[in-house]
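A note on names: the letters A, B, ... follow the listed sequences, proteins ahead of strands, and every chain is numbered from 1.
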Amino acid sequence: MANIDTKKEFLKLRQEYIVNRFSHHLNPEQVEAVVTTEGPLLILAGAGSGKTTVVVNRIMNLLEFGNAYSSEWLRRDPTEEDCDLLRNAVKSGTRYPQEIRDLMYAGFIRPWNILAITFTNKAAGELKERIRNGVEATLEGVDPNEVFASTFHSMCVRFLRRDADLLGYPKSFTIYDDDDSQRVMKEIYKTFDIDDKLLPVRTCLGRISRLKDKLIDDKSYADQIDNDRDRTMARLYREYQTRLRKAGAMDFDDLIFNTVKLLEDNKEVREHYHDRFRYIMVDEYQDTSVAQFRLCQLLTNDNKNICVVGDDDQSIYRFRGATIENILSFEDHFPGAKVVRLERNYRSTGAILDAANAVIAHNKGRKGKNLWTDKPSEPPLTVYCAMDEQDEAHFVVGQILKHKQEGVPLKNNAVLYRMRAQSNALENHLRRAAIPYKIVGGTRFYDRAEIKDIISYMELVANRDDDLRLKRIINKPSRKIGDTTINAIQDIAQGLGVSMFEVCMNAGDYPMLSRAAKSIKGFCDVYENLAEYEDDIYELVEHIISDTGYRQMLEADGEEGTARLQNVEELLSNVRNYIDETEEPTLNGFLEDVALISDIDSYDPNEDACVLMTFHSAKGLEFDYVYMVGMEESIFPSEQSKYTAEDIEEERRLAYVGITRAKKELVMTRTESRLLFGSTRRNSASRFLGEIPQELVTDKTPERKRNSYQDQIEKLRQNSRNQYNRRQRPQKSYFTGSTLNDIKPKYQKSDEKYAPGDTVEHKVFGRGKILDSVPMGGDTLLTIDFEKVGIKKAMANYAPLTKL
DNA sequence: ACTAGCCACTTTTTT
DNA sequence: AGTGGCTAGT
């Protein structure tokens with residue numbers, strides 16, 4: 001009896017010791033998250049709340065103290081003396097007694113029992129780095145590299161390299177990127193004779209991708225359709241899968257999908273990972289898809305030690321298949337889940353946080369939280385209304401220059417925009433001011449044609465069934481193997497059901513290829529030579545560059561060729577780095593890294609250049625000075641997101657992400673008119689500006705247009721009052737909520753009400769019937785069935801409508 | 001096999 | 001406005 005009490009007391013003391021240990025450098029909520037190791041845990045981590053610190057410390061806790069609650073791992077029952085020892089350590093705050101550590105030996109969690117999943121390589125890298133630092137400082141005999149920290153995709157690749165054969169794929173399968181997928185799909189369009197104007201290839205691939213995100217395979221999709229348009233879709237989906245499978249290739253979505261299948265269908269595999277991964281952590285949980293959720297579920301063993309970290313307010317990838325529901329319903333998916341909220345922000349000033357809180361408060365679908373800080377509220381945010389995008393860029397550059405003179409490094413400035421097209425004016429002005437800048441995003445190094453060529457050679461060495469890669473390089477450099485020949489090879493291969501490579505190897509056997517047989521033979525010889533170097537990547541790449549004549553081809557191509565050659569050389573040094581940094585460098589390993597790397601991964605925050613990027617790319621980063629440009633309706637929120645409440649909420653989350661990137665100062669600009677895509681437009685102030693309380697903002701727009709500006713704001717404010725009167729608003733608005741009212745008067749019938757069944761006349765689309773009307777943000781979203789153009793959606797106040 | 005010229009497109013995109 | 005992709009012509 002006494003024994004049980006001692007045990008209880010012992011465990012209690014142990015817990016107390018651990019809490020004390022982490023309380024030194026963490027706030028109470030963070031400690032709570034760190035010491036909650038057993039059972040499902042949701043950490044709602046607001047922007048800048050130190051969530052990576054929490055994740056790292058939680059892992060440290062697991063590694064150092066093991067399972068804090070369970071006594072079944074004890075070597076022997078704890079005694080009164082043990083309790084005294086611990087009690088002493090708690091009181092005096094001394095080191096964890098070695099005797100106690102020894103007692104718990106069997107309960108230690110080994111590093112490989114911990115799985116930490118992130119979304120980007122960068123995040124995974126940072127996590128590994130910080131775990132390494134922490135472990136080296138405090139823990140002996142633990143190899144921090146054995147913690148499995150990786151992205152969803154690399155993890156899946158690892159799993160699939162082990163067991164892909166169970167799914168009928170070669171273990172050396174190839175990973176297709178978007179570009180590869182597009183090529184495949186384009187070919188399918190050709191064979192099926194489908195017009196890509198009817199269904200653009202991108203759209204089609206996007207839909208397939210969404211289906212895979214939802215774990216709907218080609219067969220079950222085909223079973224659930226009921227119209228011709230979808231039937232085409234289903235055919236394309238099926239054919240796409242068939243071709244990839246035949247090429248031994250998986251696209252990004254397949255990596256997740258197939259891993260789910262692997263775990264679902266194979267009990268032994270599942271048990272293998274259940275046994276290994278006893279503690280699972282998932283970062284950026286708000287951006288997981290259905291498939292990724294399922295994957296987490298399958299990986300979680302009966303102990304349900306799954307900890308997810310995320311911020312529902314920062315979910316910005318719905319358009320890519322992320323479902324915010326995963327985080328909103330975590331407690332339903334994992335009953336008994338504990339929730340910890342991290343709302344204390346260590347990043348931004350009070351003003352910035354107040355603005356962020358005020359904006360995001362307008363969203364309905366959220367868990368609700370309020371960031372706070374004890375930092376001062378100064379200085380206020382700056383807003384500026386430029387005349388046009390040139391003036392806007394000029395203003396931003398001026399601010400950056402001002403900071404530069406004050407001694408602020410350029411790298412502390414970040415300009416954020418909604419779309420890439422906005423970067424142009426900024427770039428020009430930065431160049432003119434001789435300010436070094438760096439654009440994050442855009443073309444990846446590995447997306448450059450010459451790099452993809454070399455990689456394709458490598459891929460082909462790794463997997464000779466890959467027709468796509470073969471086609472890419474069989475005539476690069478020119479070997480006199482033209483389209484006609486390539487098509488012939490393809491046809492023969494298709495007829496025989498073998499790979500194109502196979503056909504090439506026996507080119508002499510086919511009369512159709514007689515004329516090109518010699519050239520094809522030449523290619524095969526080159527290939528055979530290269531295949532010798534499969535186990536020495538560096539040699540392989542060197543030989544690809546020289547033996548294929550690729551270098552000569554570039555050298556003959558003047559200035560551009562020289563630049564490309566430099567890229568190729570850089571690839572070579574990347575290979576060197578990979579070999580030096582990797583324990584077991586392999587061809588497939590390198591190709592994986594390449595396939596799964598993104599532009600943001602190579603973003604170097606130490607280079608002293610001002611940074612330009614989209615709001616999306618900015619997630620997870622922070623800067624002293626942030627400029628949010630193009631704060632206009634139709635730009636941010638973007639034009640096509642105006643129509644549904646969900647889209648607007650996602651845009652608002654994006655705005656929230658933008659605002660919370662800033663540490664010291666936030667500048668928001670808009671223009672009166674802007675040249676975009678070849679035409680000049682006038683957009684009114686973004687509703688998000690209107691959602692920021694007046695007292696947080698200083699307007700730096702010069703006198704020249706104060707009047708018109710002020711007029712507009714006054715008008716907007718009146719509208720805003722009418723709209724938000726009932727709904728409790730946090731604070732009075734500086735600008736206004738909806739600015740739609742501002743554009744519409746041309747057409748607006750005073751407070752015209754539309755109800756389903758009404759007939760209307762649209763200035764452009766003609767006559768139609770209202771199917772549905774949903775009130776939304778002071779306006780009404782109408783679904784109208786037009787006689788001529790079919791069903792469309794329109795905002796009642798915005799659309800040129802007349803009630804008949 | 002290569003190139004000029006025309007057309008259509010243009011939101012975001014961790015992997 | 002600028003780009004990328006495709007067709008037609010050499």
Side-chain angles (χ1 to χ4, degrees), chain A residues 117-125 150-157 175-178 181-183 186 190 196-197 200-202 205-206 209-210 212-213 250-257 283-284 286-289 291-292 314-322 389 416-425 428 440-444 446-447 449 475-486 592-603 613-621 630 634-642 647 650-651 653-655 657-658 674-680:
Chain A
I117 312 175
T118 63
F119 270 80
T120 63
N121 295 304
K122 192 165 169 261
S150 102
T151 65
F152 268 106
H153 294 265
S154 345
M155 175 185 79
C156 289
V157 172
I175 302 167
Y176 274 9
D177 64 17
D178 292 343
S181 303
Q182 254 183 59
R183 280 163 197 261
K186 269 185 195 150
K190 236 180 234 161
D196 77 333
K197 273 173 202 104
V201 172
R202 293 183 60 88
L205 284 169
S209 177
R210 292 300 78 73
K212 289 182 185 172
D213 284 336
M250 300 191 200
D251 64 20
F252 289 139
D253 304 304
D254 287 334
L255 295 177
I256 311 281
F257 189 108
D283 196 10
E284 306 281 13
Q286 75 282 356
D287 286 326
T288 48
S289 65
Q292 283 159 336
Q314 291 189 66
S315 161
I316 55 173
Y317 285 105
R318 198 172 70 106
F319 71 97
R320 281 189 80 206
E389 77 281 353
L416 309 183
Y417 38 76
R418 182 64 240 267
M419 35 181 180
R420 302 229 113 88
Q422 288 172 257
S423 72
N424 224 321
N428 291 336
V440 178
T443 4
R444 300 184 315 159
Y446 287 98
D447 282 340
N475 200 33
K476 225 170 262 179
S478 174
R479 298 188 179 89
K480 302 260 160 56
I481 304 173
D483 285 348
T484 332
T485 310
I486 294 176
E592 264 154 39
D593 279 12
V594 167
L596 301 178
I597 209 157
S598 83
D599 190 69
I600 191 101
D601 295 329
S602 50
Y603 160 64
M613 67 181 111
T614 63
F615 288 107
H616 284 89
S617 310
K619 199 171 95 174
L621 304 175
S634 296
I635 300 234
F636 193 25
S638 81
E639 190 127 48
Q640 33 275 91
S641 65
K642 274 192 182 166
D647 285 341
E650 175 133 325
E651 295 282 306
R653 290 193 290 269
L654 195 53
V657 167
R674 153 183 322 267
L675 182 65
L676 193 67
F677 303 138
S679 62
T680 305

For this session: Answer yes if the ring centres of A/Tyr317 and A/Phe119 are under 6.0 angstrom apart, and no otherwise.
Result: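 Distance test on ring centres: not under 6.0 Å, no.
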Measure [atom1]/[X] against [atom2]/[N] and give the value in whole Å, please.
| X | N | atom1 | atom2 | answer |
| --- | --- | --- | --- | --- |
| A/Arg318 | B/dT14 | CZ | P | 19 Å |
| A/Met155 | B/dT14 | CE | C1' | 15 Å |
| A/Phe615 | B/dT13 | CZ | C1' | 16 Å |

For this session: Identify whether any heavy atom of A/Asp178 sits under 4.0 Å from a base atom; if not, whether one sits that close to sugar-phosphate; answer base, sugar-phosphate or nothing.
Result: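 A/Asp178: base contact, heavy atoms under 4.0 Å.
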Exercise. Is A/Asp287 touching bases, backbone alone, or none of the nucleic acid, heavy atoms closer than 4.0 Å?
Worked result: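 Base, at least one base heavy atom under 4.0 Å.
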Problem set entry | Strand contacts (DNA chain B) in residues 250-257 of chain A, 4.0 angstrom heavy-atom criterion |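 By residue number: A/Phe252.
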Problem set entry | Distance, nearest 0.5 Å, that separates OG1 of A/Thr120 from CG of A/Leu596 |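 Answer for the OG1-CG pair, A/Thr120 versus A/Leu596, is 12.0 Å.
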Exercise. Which value, rounded to the nearest 0.5 Å, describes the distance between A/Ile635 atom CD1 and A/Glu651 atom CD?
Worked result: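 Atom-to-atom, A/Ile635:CD1 and A/Glu651:CD are 11.5 Å apart.
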Problem set entry | Salt-bridge present (A/Asp213, A/Arg320; N to O < 4.0 Å) |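 Salt bridge: no.
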Exercise. Can you pull the contact range of chain A along DNA chain C, 5' to 3', using atoms under 4.0 angstrom from its heavy atoms?
Worked result: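 Boundary nucleotides touching chain A, in 5' to 3' order, are C/dA1 to C/dC6.
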Problem set entry | Side chain A/Gln292, main chain A/Phe152, donor-acceptor under 3.5 Å |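 It does not hold such a pair.
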Problem set entry | Under 3.5 Å donor-acceptor, A/Ser150 side chain and A/Met155 backbone |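 Side chain of A/Ser150 to backbone of A/Met155, a donor-acceptor pair under 3.5 Å: yes, one is there.
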Exercise. If every non-hydrogen atom of A/Gln422 is compared with every non-hydrogen atom of A/Gly630, which pair is closest and at what distance?
Worked result: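 Heavy atoms of A/Gln422 and A/Gly630 come nearest at NE2-CA, 3.7 Å.
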Hey, what are the protein-to-nucleotides 5-12 of chain B N/O distances that come in under 3.5 Å?
residue : atom : partner  : partner atom : Å
B/dT12  : OP1  : A/Arg420 : N            : 2.8
B/dT12  : O4'  : A/Arg418 : NH2          : 3.1
B/dT12  : N1   : A/Arg418 : NH2          : 3.3
B/dT12  : O2   : A/Arg418 : NH2          : 2.0

